[in-house]
Each structure stands twice: as structure tokens, then as C-alpha cells.
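Atoms within a ligand are numbered from 1 in the order they appear, just like the ligands themselves. Quick note: residue numbers are just sequence positions, from 1.
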Amino acid sequence: MLRSSKIFQEKTNNIHPKIAVILGSGLTNFFEDPHILHTISYEELPDFSQPTVEGHAGKLVVGTVDTQNVVCMYGRSHIYEGRESTELVNPIRVLKDIGCKLLIITNAAGSLKEEMPPGSFMVINDHLNWSGFNPLIGPNDESYGPRFSDMSDAYHQSYREQLINIAKKNNQKLFEGVYCMYSGPSFETPAEIKALQVLGGSAVGMSTVPEVVVANHCELAVIAISVITNYAAGIKKTKLSHQETLEQASLAEEKILSLIKNFIRDVK
Ligand code: HPA
């Protein structure tokens, strides 16, 4: 068990949340204040690095959605920040250590499809890892999983279907597609985006894939949702910026968080 897992248990009097959420860029507040039980800054957790990017707070918050305890990472690390593998691996293993069974990941992404405009939500059904990086490279910790781990149901099919049904019930449009990861920090070129379109990609971003790889390795089920904040490079004439990502994510925040909370209520 990692040190942060023990610290988490001490600080929360042994809460074992079954569900974890990671907030992507520009999503700032999963819980309303009355539903928060504990807030632990990443500074108090040796396995969590303080995010360096605007829009990522750097704290672990435990709260409730109705009667269920949920732990939420407010902010994550990205490989473009120059992180070591362990800085991406260990937070996910802490979630596993403290008893989580399901990880719900959110991110901001650029759309590769004309018919999926900014403001859309996309549940990820698979990914293309074009980051050149895999966080499991290096010695394998057998206590978490095998050397070679299976990725054929990386985005858990039945949870995904459940999420799609919840969205339908609430008349919320939800796209489904393949997430492509580039390392960043520069945005992609128009030629790179054309290539990803040919390869069958639906959206592009700079996160999520490392977390999904680590979660699958330790048999933590994953679902992931992209908030589409812009058309990817070259699709429209406008220039890309992180400011636009933050603004669009913030506009979508209420809707995506309510979708996730309705899903959590349904999962039980
Ligand atoms: N590319 C990469 N990452 C992103 C984008 C994009 O267009 N939009 C939001 N995050």
C-alpha cells in the first residue's frame, strides 16, 4: 500500500469510497459545500504532484452523492509537465488501495468531427495512444497487476452502456468515440489532425490515456467522458488556446457534473 493511501485512511477515518472521479481542465467543483466530508491537499499526499497548469486545483476531496461516498481528484498531472511515470501511476494506485472499484475520468478535448461541435460530450469507447508514452514502462509491481495487461475492454462496456442510457433518459446528447492522445504541450498540427481522422479518431487531448492504462493494469474499471472545447487544429480557421479550453469547459461544467452524478446514483 502506498504512503498516501495510509494518510488518506487516517485523515478520513477509514472511508472506502467505491467510486473515484478525476476532474479535467476547467472543471473545478464536483461537490457542493454541504456534501464535502474531507479535503486533502496534494501537498499532504507524497504520491500526488501539485499540478502546474491553470484550471487544476491539486486536492483530493471526499464527499457524498446521495448516500454514496465518492473521492474526487481536483486536478491531475500531465506528461507535458515533465512528470516521472510514478507521478502518473501512483495516484491511480492510491485510488485502488483505498477501495475504489470504478474510476470516472473527465477531460477537455478537441473535436475531429464536424458534427460534434464545442460544448458536446463524448463518452470514450477506445483510444489511440499517440503520446509515445506508457506509464507502465519500467519494473512491474506484481502486487498491482501483471507485466502485460489486457486493454480490450479499457473503457468498461457495461458501465458505458449504463451512462449512455442515463444520458438518454435525461435527454442529454452524448456522442461516443475514440480518444486520441498527443503528449502536448503544443496543440497538434492540421496534418496530424487529418492523420488522426483517417485512423478513426473522434477527439484529441493530452491526458487520460496514462490513467486508463494504469487503472486497467490494476483492474480498476474505467469510464471516461470528454468535454469538447474546440474543433481540433485546421478544422476551422480559429487559433487554439488553453483559455478557450477553460472557458468552454466551465460553460459545460454544470451539465457534465449532473450527468456523472445521475450515473453514480444509478450505479449504486
Ligand atoms: N488538442 C489537444 N488537447 C486539447 C484540445 C486540442 O484540440 N482541446 C482541449 N484539449
For atom 8 (N) of ligand 1, the protein heavy atom that lies nearest, with its residue and separation: Asn230 OD1, 2.7 Å
Contact atoms of ligand 1, heavy-atom distance to Val204 under 4.0 Å: 1 (N), 2 (C), 3 (N), 4 (C), 5 (C), 6 (C)
Aromatic ring proximity His127/Tyr155, centre distance under 6.0 Å: yes
Nearest non-hydrogen protein atom, atom 2 (C) of ligand 1: Glu188 OE2, 3.2 Å
Atom CD of Glu84: over 12 foreign heavy atoms under 6.0 Å: no
Electrostatic pair Lys11:Glu44 at N-O distance under 4.0 angstrom: yes
Ligand-residue contact atoms, ligand 1 with Ala108, heavy atoms, under 4.0 Å: 9 (C), 10 (N)
Euclidean distance, Leu196 CG relative to Ser202 OG, rounded to 0.5 Å: 10.5 Å
Nearest protein heavy atom with distance in Å, relative to atom 5 (C) of ligand 1: Gly110 N, 3.5 Å
Atom 3 (N) of ligand 1: the protein heavy-atom neighbour that sits closest, reported with distance to 0.1 Å: Gly205 CA, 3.4 Å
Nearest-0.5 Å distance that lies between atom CD1 in Ile225 and atom CG in Leu259: 5.0 Å
Shortest protein contact, atom 9 (C) of ligand 1 (heavy atom only): Thr229 OG1, 3.4 Å
Which segment of Ala109 sits under 4.0 Å of ligand 1 when only heavy atoms are counted: backbone
Close-contact set for ligand 1 against Leu240 heavy atoms, below 4.0 Å: 7 (O)
Test log, rule side-chain hydrogen bond (donor to acceptor under 3.5 Å, both in side chains), inputs Ser226 and Asn107: CA-CA 5 Å; Ser226 293; Asn107 63 44; 2.8 Å; yes
Test: Glu114 and Lys236 ion pair at under 4.0 Å: yes
